[in-house]
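Structure first, then comments.
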Protein chains: 2
Amino acid sequence: MEKQLQRSRAVLPIGTVMKLTTLSARQIRYYETQGLIKPARNEGNRRQFSLIDVDRLLDIKGYLDEGFNMTEIKRVYEKQAKHQQKEHKALEKPVTDEDVRQVLQHEFLSIAGLNHGSEPSFPSDDLSKK
Amino acid sequence: MEKQLQRSRAVLPIGTVMKLTTLSARQIRYYETQGLIKPARNEGNRRQFSLIDVDRLLDIKGYLDEGFNMTEIKRVYEKQAKHQQKEHKALEKPVTDEDVRQVLQHEFLSIAGLNHGSEPSFPSDDLSKK
DNA sequence: CGTCTCATGTCACAAGATATGACATGAGAC
DNA sequence: GTCTCATGTCATATCTTGTGACATGAGACG
């Protein structure tokens, strides 16, 4: 359980998070304005994300893919905050092709930072400013 | 063992690595010129480190604290490369105060990125350009 | 169909971060 | 003393990030 402490350490800049989540900076910032994440800021006002933030972003991404909108996702987290227990599993549906990619990617974090993982995957995206 | 794959994913910019290792950018770059690490580069020529790189940097830091110089540390890794097995444990000495800080810090990575960890620690450094 | 809203993309300018090369320095080795 | 080693500090050029503004495709709704 102390592991949770480490995962909350905010050290990742938005660029790294983009790679880890394959979300655009615009999306990440937007989710923040929507109150879904609240990354820390350094002295230079740069966002500093933790692995927990990255996890949440991946969750958000998954919810969006499943058709939820910001407001609904917000409610999910509000409820979780109250009930103080991770039960968003109740929202799961039979896996689609998209989901698989999601899960595999999520595994990276499970391995590179958590404890509930199983098999890895490499998005290997390049994010070149196309 | 597949977990090793994830840890080799180069996504961390030097700033993050500085925080994770409490090493200066100058030191990190110097160790690179000495051939101790070979971080990947992105399209913009920026260094991209993996958790494995961070681990090695922490090891290097530990060796330096123990009195080794670049050349000797280099040999350590060359030998490891040949014998293809992590046995630099043979170089350990009875723990000193400095060592403790090292180990505790190393634990962060063990937790936020590996699997052989135990208890955490927060350097909580700020890196403001003093 | 128009019109709104939502989630994102794209631009643009300011400010912080990083790359490299040069010069400086304290601690030891000789 | 003089060298070497590991780092610090500067300077300049080039990315990266932050914010705000304008644009747009997909749906919802009338």
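Numbers restart at 1 for each chain; the letters A, B, ... are given by sequence-line order, proteins then strands.
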> Quick one: B:Gln27 CD to C:dT20 P, roughly how many Å, whole number?
Replying inline: 17 Å

> Can a side chain N or O of A:Tyr31 be found less than 4.0 Å away from OP1 or OP2 on C:dT8?
Replying inline: yes

>> Can you measure A:Glu43 atom CD to D:dT17 atom P for me and round it to whole angstrom units?
In response: 16 Å

> Are B:Arg41 and B:Glu32 close enough, and set up right, to give a salt bridge (charged side-chain N to carboxylate O under 4.0 Å, His left out), and what steps lead you there?
Replying inline: CA-CA 12 Å; B:Arg41 298 283 183 136; B:Glu32 179 182 8; 3.4 Å; yes

> C:dT18 P sits how many Å from B:Leu12 CG, rounded?
Replying inline: 12 Å

>> Measure CG/B:Leu36 against C1'/D:dC5 and give the value in whole Å, please.
In response: 13 Å

> Name the stems that DNA chain C belongs to, where each is three or more consecutive Watson-Crick or G-U pairs with both distances under 3.5 Å?
Replying inline: C:1-30 with D:1-30

> Could you write nucleotides 18-30 of chain D as a row of B, S and -, 5' to 3', where a protein heavy atom under 4.0 Å of any base atom gives B, of only sugar-phosphate atoms gives S, and otherwise -?
Replying inline: BB-B---------

> To the nearest angstrom, how far is B:Asn42 atom CG from D:dT16 atom C1'?
Replying inline: 10 Å

> Nearest-Å distance, CD (A:Gln34) to C1' (C:dT5)?
Replying inline: 12 Å

>> What is the separation between atom CG on A:Asn69 and atom P on C:dT8, rounded to the nearest whole Å?
In response: 11 Å

> So, is B:Tyr30 near the phosphate of D:dT7, with a side-chain N or O under 4.0 Å from OP1 or OP2?
Replying inline: no

> Rounding to a whole Å, what distance do you find between B:Met18:CE and C:dT18:C1'?
Replying inline: 10 Å

